[in-house]
2 protein chains.
Amino acid sequence: MQEHDLLIHHIKQLVSINDSDIDLIIKLFKSKTLERKEILLHPGEIASHMTFIAKGCFRSYYLDDNVQEHILQFGIENWWINDLYSYLTKTPAKYFVQAVESSTVLQIHQDALEIVFKEIPVMERFFRLKMQSAYVSLQERTINSMSQTAEQRYIDFLARYREIEQRIPQYMVASYLGITPEFLSAIRKKMVL
Amino acid sequence: MQEHDLLIHHIKQLVSINDSDIDLIIKLFKSKTLERKEILLHPGEIASHMTFIAKGCFRSYYLDDNVQEHILQFGIENWWINDLYSYLTKTPAKYFVQAVESSTVLQIHQDALEIVFKEIPVMERFFRLKMQSAYVSLQERTINSMSQTAEQRYIDFLARYREIEQRIPQYMVASYLGITPEFLSAIRKKMVL
DNA sequence: CTATTTTCTTAATATACCTTAAGTTTTTCT
DNA sequence: AGAAAAACTTAAGGTATATTAAGAAAATAG
């Protein structure tokens, strides 16, 4: 399966694993296909899997009291996407995880991941490192949104996620940046002049 | 040492440890006293300790390009404070950690903590849980700042951190909320009416 | 390839929040 | 207690961003 090759390659970028490790990983990560707009995780469900994106594009978002969407995170090939808090604490998810394009993910159940940790201890390290980067990007995002103007945040977004930006509707970029689509439109107009 | 009692009690709220574990912890966590406004960690240094607040109050903040302060986190008794990214990745800190009152902390060096993990494996769990809560509060804060008005954020802050609010100057609350002291003053005036 | 749906733009008006500057109150230090 | 420093308030005018509403453009599905 080509999908699993992607995952293996992704893991090998951080830790060393051997052929029998690979076999186990391939066996325990299950492939799942989603159509555009299909929802992988609903608020209220418990996120019981770790999810690796093998193909496609996802977003996680929540709805506030005014039924307004706020996008927390995007993910494309080789990224992980989840409601991490729900997964870690086994409490109901607060966020939607939705396919923005038709997509394929590789998922491992929490119980199966425990087996992986037992058999391939270096995978603990792998996920700890992933957890750290999740924390860091979140922190950078928080700081960024506190000290920068929307235009600057947009410029940063383009620099950092230009590939994603080309695959998602503009109103989702606005939602990620915390501004209205109309205002993003105005920013873009101003920028080209 | 009373300070260490606080730490032990704090640890016991999450995991079970025995008397010899306690001895080791007391031996490896070093007490340090700071005066009001004294800085515990400067940007550029590597955060090489985990820091437990036994007495007093701290803030972590960074300076943006306009030399504007932005407060990321406060901490009082029984909290941990750090530049977690610097600690985890052994890269130079981006933030200041400063005592807001005269304070006492208990610090353990990264190397000593490795010893703790070896001798008291359940402490790995303890710190993993702490790491999770750090992630979660950060996530809640990010979401909150995206979807709420400054007044609502202030009300939430009061509900959540009223003890802290009573110990810090108001301009620090403003900085945490991401608004100017003048605007917070206006919000407060409006609220009492 | 056309109809339908989704996304993007424009513009006017409104609001949340900032900037500056000055004066007042509170806290800290000696 | 008194002087100095730090923190808080007020107010006027400004800027960033939201809201509403409508139409135009682009994408998708049949």
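Quick caveat, the model's predicted, so the values are computed rather than measured. Below, chain A is the first sequence line, B the second, and so on; all start at residue 1.
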Novice: Is the centre of the A:Y85 ring less than 6.0 Å from the centre of the B:Y135 ring?
Specialist: no
Novice: Please report whether the ring centroid of B:F127 lies less than 6.0 Å from that of B:W80.
Specialist: yes
Novice: Under 4.0 Å between a side-chain N/O of B:T180 and OP1 or OP2 of C:dC18, yes or no?
Specialist: yes
Novice: Whole Å only: how far is the CZ atom of B:F183 from the C1' atom of C:dT20?
Specialist: 17 Å
Novice: Could you tell me whether A:R167 sits above the aromatic face of A:F74, with NZ or CZ closer than 6.0 angstrom to the six-membered ring centre and within 45 degrees of the axis?
Specialist: no
Novice: Could you state the atom-to-atom distance from NZ of B:K190 to P of D:dT10 in whole Å?
Specialist: 15 Å
Novice: Hey, can you pull the residues of residues 158-168 of chain B with a non-hydrogen atom under 4.0 angstrom from DNA chain D?
Specialist: none
Novice: Rounded to the nearest 0.5 Å, how far apart are OG1 of A:T149 and CD1 of A:I187?
Specialist: 6.5 Å
Novice: Collect all protein-nucleotide pairs involving nucleotides 1-7 of chain C in which both atoms are nitrogen or oxygen and the distance is under 3.5 Å.
Specialist:
residue, atom, partner, partner atom, Å
C:dT7, OP2, A:Y171, OH, 3.4

Novice: Keeping the roles fixed (side chain from A:S16, backbone from A:K12), state whether a donor-acceptor pair exists under 3.5 Å.
Specialist: no
Novice: Let me know the distance between CD of B:E69 and C1' of C:dC18, rounded to the nearest Å.
Specialist: 17 Å
Novice: In dot-bracket form, how is DNA chain C paired, counting a Watson-Crick or G-U wobble pair only if both its distances are under 3.5 Å and using | for bases paired to another strand?
Specialist: ||||||||||||||||||||||||||||||
Novice: Do the ring planes of A:F126 and A:H10 sit parallel (below 30°), tilted (30 to 60°) or perpendicular (above 60°)?
Specialist: perpendicular
Novice: Can you confirm whether more than 12 heavy atoms, excluding those of B:Q13, are under 6.0 Å from its CD atom?
Specialist: yes
Novice: Under 3.5 Å, side chain of B:T142 to main-chain N/O of B:L138, donor-acceptor pair present?
Specialist: yes
Novice: Please list, by residue number, the residues of residues 138-154 of chain B whose heavy atoms come closer than 4.0 Å to an atom of DNA chain D; answer none if no residue qualifies.
Specialist: none
Novice: For residues 18-29 of chain B, run the donor-acceptor check on the side chains, cut-off 3.5 Å, and write out each pair with its distance to 0.1 Å, sequence neighbours left out.
Specialist:
residue, atom, partner, partner atom, Å
B:N18, OD1, B:S20, N, 3.0
B:N18, OD1, B:S20, OG, 3.2
B:N18, OD1, B:D21, N, 2.8
B:D21, OD2, B:N18, N, 2.9

Novice: Please name the pair of heavy atoms, one in B:A150 and one in B:F183, separated by the smallest distance, quoted to 0.1 Å.
Specialist: CB-CE2, 3.9 Å
Novice: Grab the CD-P distance between B:E182 and C:dA21 for me, whole Å please.
Specialist: 12 Å
Novice: Identify every side-chain donor-acceptor pair in residues 54-65 of chain B under 3.5 Å, counting partners at least two apart or on other chains, and give the distances.
Specialist:
residue, atom, partner, partner atom, Å
B:R59, NE, B:Q98, OE1, 2.8
B:R59, NH1, B:E69, OE1, 2.7
B:R59, NH2, B:Q98, OE1, 2.8
B:Y62, OH, A:I143, O, 3.4
B:Y62, OH, A:S147, OG, 2.5
B:D64, OD1, B:N66, N, 2.8
B:D64, OD1, B:V67, N, 3.2
B:D64, OD1, B:Q68, N, 3.0
B:D64, OD2, B:H70, NE2, 2.8

Novice: So, does A:K189 get its side chain near the phosphate of C:dA11, meaning an N or O under 4.0 Å from OP1 or OP2?
Specialist: yes
Novice: Considering only side-chain heavy atoms of A:I179, which listed nucleotide, D:dT17, D:dT19, D:dT9, is closest?
Specialist: D:dT17
Novice: What is the distance, rounded to the nearest whole Å, between atom CG of B:L184 and atom C1' of D:dA7?
Specialist: 12 Å
Novice: Which pair of heavy atoms, one from A:I71 and one from A:S175, lies closest together, and at what distance?
Specialist: N-OG, 3.0 Å
Novice: May I have the distance from B:R188 (atom CZ) to D:dT10 (atom C1'), rounded to whole angstrom?
Specialist: 15 Å
Novice: Salt bridge or not between A:K32 and A:E3? Use side-chain N to carboxylate O under 4.0 Å.
Specialist: no
Novice: Given side-chain hydrogen bond (donor to acceptor under 3.5 Å, both in side chains), test B:Q170 with B:R188 step by step and report yes or no.
Specialist: CA-CA 10 Å; B:Q170 198 169 298; B:R188 285 166 54 87; 3.2 Å; yes
